[in-house]
Amino acid sequence: MSTEISAAPPAAATGPTPRERVTTFLSDNGALVGLAVVCLAMFIATPDFLTAQNLLNVGVQAAVVAVLAFGMTFVIITAGIDLSVGSVAALAAISAGWATTSAGLPGWMALLVGPAVGLLAGAVCGLAVAYAKLPAFIATLAMLSIARGLTLVISGGRPVEMPDAVTWLGADLGPVPVPVLILILAALITAFVLRRTVFGLSLFAVGGNEEAARLAGLPVARLTASVYALSGLFAGIAGLVLAGRLASAQPQAASGYELDAIASVVIGGASLSGGTGKASGTLVGALVLAVIRNGLNLLNVTAFWQQVVIGLVIALAVGFDVIRQRR
C-alpha cells in the first residue's frame, strides 16, 4: 500500500504594501519632499519667491553652508562631528587676506592660502581624534575656540581687505553667480568621492562598524584623520566664498555656521550614528535651510524668529533620524 504525500504549494510572494512603499519612499527621499513642500508653502505665502532672480539668491545664500556641509558629510558618515568649521572658515579667509595685503603675496595666492589653512586646521583635529583618541566633540570644540582666537589676533578685530581674485568669487559669471557654480562643483566632487572611490566606500564601513572595518584591514585611524582634513579644506573654500560675497574677510564671519552645516547633513538623510549619507541629500538639506530663511526674509520675519524656526527644523530632522534608526 503506497501513500502519496503531496507537497503544499508555495505561498504566493507578496510585494510591499502601499503603506510600506510610501514609508520607503519618504525614508529615501524625505529631504527632497520636504524641500518641495517648503517651496510650495513659500510660493503660496509670497509670489515673489518663485522668480528667477530670487531662486538665484537662494543658491547664493545656500552656497557657503552647502560647501561647509559637504565637508561635514565625510565626518558624519564616519560617526564623527566637526564643530570648528565656521571658525576655520573665518580663519582661512582672514589668513588669505593678511597674506596678500600685509605679507605681500600676489593676489591669486589667496586662493591657495585659504584652503591650505583650512586643511591644516582640519588635519590637526583629525590627528587629535584618530591618534590622540580625543573625543571629536572636544577636539573640534577646542579648534573652534583656537581658530576664532587666531582670527581676532591676525585681524586685530577689524575686517581685512581681499584681493580681486577672491572678490571675484562673489561675482557673477554671465547670468550665474560664481558661488552657485562652486556649490555645484563641490557637490559633484563629494558625490564622486563617496560613491566612486575606494576611500569614499571605506568611510561607510568605518561609520557602520568601526571594529569590523578594522578587522577587515581598513586603516581606520588614517581614514578618520583624513575626513577631518577634508572638512577643514571645504571650510577653507567656504571661507573664501563668503569673503568674496562680502568683499572683505570679517573676523566674526561664519559664526554659528557649523550648526547649519550639521543640520544640512542630517536633513539630507545622514545619520549622526554614522554609516549613511550622500552628497545630493546634503545639498537638498542646505537648500531647505536657505529656502526657509529666504522666504522668511520676504515675509519680513525678524532674524530672531528665524533662529527659532531653524532650531525647530533641526530638532525635527534629528527626531526623524532617531525614528529611522529605531526602525
Side-chain angles (χ1 to χ4, degrees), residues 31-32 35-36 38-40 42-43 46-71 73 89-90 92-93 96-97 99-101 105-116 118 159-193 196 233-250 253-254 257 260-261 264 268 278-298:
L32 192 58
L35 178 61
V38 170
C39 287
L40 179 61
M42 293 303 176
F43 172 68
T46 168
D48 293 334
F49 174 75
L50 280 183
T51 62
Q53 185 59 49
N54 188 62
L55 292 178
L56 286 176
N57 288 337
V58 170
V60 172
Q61 292 167 8
V64 174
V65 171
V67 174
L68 288 173
F70 290 135
T73 303
T100 55
T101 58
L105 293 180
W108 62 268
M109 286 291 292
L111 300 176
L112 300 179
V113 172
V160 175
E161 184 181 355
M162 302 302 291
D164 292 341
V166 175
T167 57
W168 178 81
L169 297 179
D172 295 339
L173 188 62
V176 183
V178 173
V180 174
L181 297 176
I182 294 174
L183 181 155
I184 295 171
L185 180 61
L188 292 175
I189 291 173
T190 303
F192 176 80
V193 171
R196 301 293 181 183
L233 175 63
F234 276 79
I237 296 170
L240 291 185
V241 174
L242 181 58
R245 286 181 56 196
L246 300 175
S248 65
Q250 306 287 334
Y257 277 35
D260 282 4
S264 298
K278 53 185 179 180
S280 59
T282 297
L283 174 59
V284 172
L287 289 175
V288 167
L289 295 180
V291 165
I292 292 174
R293 283 203 169 93
N294 178 268
L296 294 178
N297 284 331
L298 292 176

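Listed by chain and residue number, Ser248 satisfy the side-chain hydrogen bond (donor to acceptor under 3.5 Å, both in side chains) test with Gln250 (two or more places apart in sequence, or in another chain). Applying the side chain to side chain contact (heavy atoms under 4.5 Å, CB included) test to Pro177 and every residue at least two apart in sequence or in another chain returns Leu56, Val60, Asp172, Pro179, Val180.
Side-chain contact of Asp48 with Asn54: a donor-acceptor pair under 3.5 Å is absent, judged by distance alone.
Rounded to the nearest 0.5 Å, atoms CG (Leu169) and CZ (Arg245) are 12.0 Å apart. Expressed to the nearest 0.5 Å, how far CG of Asn57 lies from OG1 of Thr51 amounts to 7.5 Å. One finds the SG atom of Cys39 at 7.5 Å from the CG atom of Leu55 (value rounded to the nearest 0.5 Å). Rounded to the nearest 0.5 Å, atoms CG (Leu287) and CD1 (Ile292) are 11.0 Å apart. The OG1 atom of Thr167 lies 11.5 Å from the CG atom of Leu240; values are rounded to the nearest 0.5 Å.
For the side-chain contact (heavy atoms from CB on, under 4.5 Å) with Thr73, the qualifying choice from Thr282, Leu68, Val193 is Thr282, the only one to do so.
When every heavy atom of Met42 is checked against every heavy atom of Gly295, the shortest pair comes out as SD-CA, 3.5 Å. Heavy atoms only, all atoms of each residue included: Phe49 and Leu298 are closest at CA-CD1, 3.9 Å. Ala286 and Ala62 make their closest contact through O-CB, 4.1 Å (heavy atoms, listed as atom of the first residue, atom of the second, distance). Of all non-hydrogen atoms in Phe70 and Phe234, the two that sit nearest each other are CB-CE2, 3.8 Å. Considering all non-hydrogen atoms of both residues, Ala253 and Leu242 come closest at CB-CD2, 3.8 Å. Contact between Ser264 and Val65 at its shortest, heavy atoms only, is OG-CG1, 3.6 Å.
Counting heavy atoms from C-beta outward, Leu185 and Ile189 have side chains that approach closer than 4.5 Å. Residues Pro106 and Thr100 form no side-chain contact, since every pair of their non-hydrogen atoms from C-beta on lies 4.5 Å or further apart.
Proximity of a side-chain donor or acceptor of Asn297 to a complementary backbone N or O of Arg293 within less than 3.5 Å is detected.
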